[in-house]
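See structure below.
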Amino acid sequence: MDSTSLEPSLYTVKAVFILDNDGNRLLSKYYDPELYPSMKEQKNFERNVFNKTHKADNEIAFLEGMTIVYKGNIDLFFYVVGSAQENELMLMSVLNCLFDSLSQILRKNVERRCLLDNMEGVFLVVDEIIDGG
């Protein structure tokens with residue numbers, strides 16, 4: 001068997017984060033400790049992702065060897081990050097599940113103020129959807 005072939009893995013999500021309209025972090029969770037080990041590197045990555053995606057009308061981006069699916073709402077941006085080899089449909093299903101669950105918890109009022117008021121529920125949703133990546 002070829003040693004360069006990739007082994008299948010259940011760990012598909014490398015990171016998930018939510019940013020506001022200005023690119024400020026509201027929530028982030030990184031599941032691969034080797035990906036961006038320091039807070040400074042994480043924020044730099046998030047800033048690069050936000051600068052590339054906040055004016056685009058797409059749902060997917062490739063940046064720094066990562067596959068990033070995202071969704072914008074009123075004043076929030078939701079991001080799910082996977083490796084370059086990851087299936088975009090799998091990442092998009094995680095993103096849609098996250099957004100739909102938050103929409104239910106926040107009673108269809110998915111905006112910055114409501115998200116901050118219900119942060120404990122938001123963390124619970126993220127932890128329930130993504131189990132260690």
Side-chain angles (χ1 to χ4, degrees):
M1 185 108 189
D2 188 272
S3 63
T4 60
S5 66
L6 297 172
E7 291 294 321
S9 172
L10 290 175
Y11 300 104
T12 59
V13 177
K14 300 286 184 190
V16 61
F17 50 92
I18 302 173
L19 306 178
D20 67 6
N21 263 352
D22 300 322
N24 298 319
R25 176 194 284 190
L26 300 177
L27 174 143
S28 75
K29 190 146 186 181
Y30 287 78
Y31 297 97
D32 187 354
E34 297 169 5
L35 184 62
Y36 298 103
S38 72
M39 181 77 71
K40 183 178 179 183
E41 290 174 322
Q42 291 175 4
K43 288 195 172 198
N44 191 27
F45 173 69
E46 292 166 12
R47 185 173 28 261
N48 290 341
V49 169
F50 179 77
N51 289 336
K52 182 173 182 175
T53 61
H54 78 283
K55 291 186 179 176
D57 194 27
N58 302 327
E59 294 180 335
I60 187 167
F62 297 98
L63 185 69
E64 298 182 19
M66 296 283 134
T67 302
I68 304 158
V69 293
Y70 61 97
K71 180 180 220 161
N73 199 27
I74 299 166
D75 57 355
L76 297 173
F77 288 91
F78 299 84
Y79 297 92
V80 175
V81 180
S83 68
Q85 296 82 22
E86 195 51 61
N87 185 340
E88 296 88 0
L89 295 175
M90 290 293 289
L91 295 174
M92 189 56 84
S93 68
V94 172
L95 178 64
N96 287 334
C97 184
L98 173 65
F99 185 82
D100 292 344
S101 299
L102 291 178
S103 183
Q104 288 289 328
I105 285 178
L106 302 175
R107 294 181 176 86
K108 309 280 186 213
N109 196 13
V110 184
E111 60 182 26
R112 184 180 193 277
R113 184 181 50 81
C114 290
L115 186 98
L116 291 174
D117 289 344
N118 296 289
M119 200 53 112
E120 66 279 349
V122 175
F123 277 110
L124 180 64
V125 165
V126 170
D127 287 341
E128 290 296 321
I129 293 173
I130 307 165
D131 186 20

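Just so it is clear, the structure is predicted and the values come from calculations on it, not from any experiment.
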- Pairs meeting criterion ring-ring contact (aromatic ring centres under 6.0 Å, His included) with involvement of residues 101-125, two or more places apart: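 Of all non-adjacent pairs touching residues 101-125, none passes ring-ring contact (aromatic ring centres under 6.0 Å, His included).
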- Scan residues 64-79 for pairs that pass salt bridge (charged side-chain N to carboxylate O under 4.0 Å, His left out), counting only residues two or more places apart or in two chains.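 For residues 64-79: none.
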- Residue pairs, two or more places apart or on separate chains, that pass salt bridge (charged side-chain N to carboxylate O under 4.0 Å, His left out) and touch residues 22-38: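 Every pair satisfying salt bridge (charged side-chain N to carboxylate O under 4.0 Å, His left out) with a residue in residues 22-38: Lys14-Asp32, Arg25-Glu46, Lys29-Asp127.
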- Of all heavy-atom pairs between Gly23 and Phe50, which one has the smallest distance, and what is that distance?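 Gly23 and Phe50 have their closest heavy atoms at N-CZ, 3.5 Å.
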- Might you point out which heavy atoms bring Lys52 and Ala61 nearest each other, and give the distance in Å?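 The pair with the smallest heavy-atom distance is CE-CB, 4.5 Å.
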- Message: Connecting only ILVMFWY residues whose side-chain heavy atoms lie within less than 4.5 Å of each other, what is the rest of Ile74's hydrophobic cluster?
- Response: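 Under the 4.5 Å side-chain rule, Ile74 groups with nothing.
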- Query: Should side-chain heavy atoms under 4.5 Å link Ile, Leu, Val, Met, Phe, Trp and Tyr, which residues sit in the same cluster as Met90?
  - Reply: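 So far as hydrophobic clustering goes, Met90 is joined with none.
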- Item | Residue list, side chain to side chain donor-acceptor pair (under 3.5 Å) with Glu59, at least two apart or on another chain |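 Glu59 satisfies side chain to side chain donor-acceptor pair (under 3.5 Å) with no other residue.
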- Residue list, ring-ring contact (aromatic ring centres under 6.0 Å, His included) with Phe78, at least two apart or on another chain: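 In terms of ring-ring contact (aromatic ring centres under 6.0 Å, His included), with neighbours along the sequence ignored, Phe78 is linked to Phe99.
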- Message: Please enumerate all residues that pass ring-ring contact (aromatic ring centres under 6.0 Å, His included) together with Tyr30, with sequence neighbours excluded.
- Response: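 ring-ring contact (aromatic ring centres under 6.0 Å, His included) list for Tyr30, sorted by chain: empty.
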Apply side-chain contact (heavy atoms from CB on, under 4.5 Å) to [X] and list each qualifying residue two or more places apart in sequence or on a separate chain.
| X | value |
| --- | --- |
| Ser101 | Cys97, Val125, Ile129 |
| Lys40 | Ser38 |
| Ser93 | none |

Identify each donor-acceptor pair in which a side-chain atom of residues 109-120 lies under 3.5 Å from a protein atom, sequence neighbours left out, and give them as a table.
unit_1	atom_1	unit_2	atom_2	d
Glu111	OE2	Arg113	NH2	3.4
Arg112	NE	Asp20	OD2	3.3
Asn118	ND2	Cys114	O	2.8

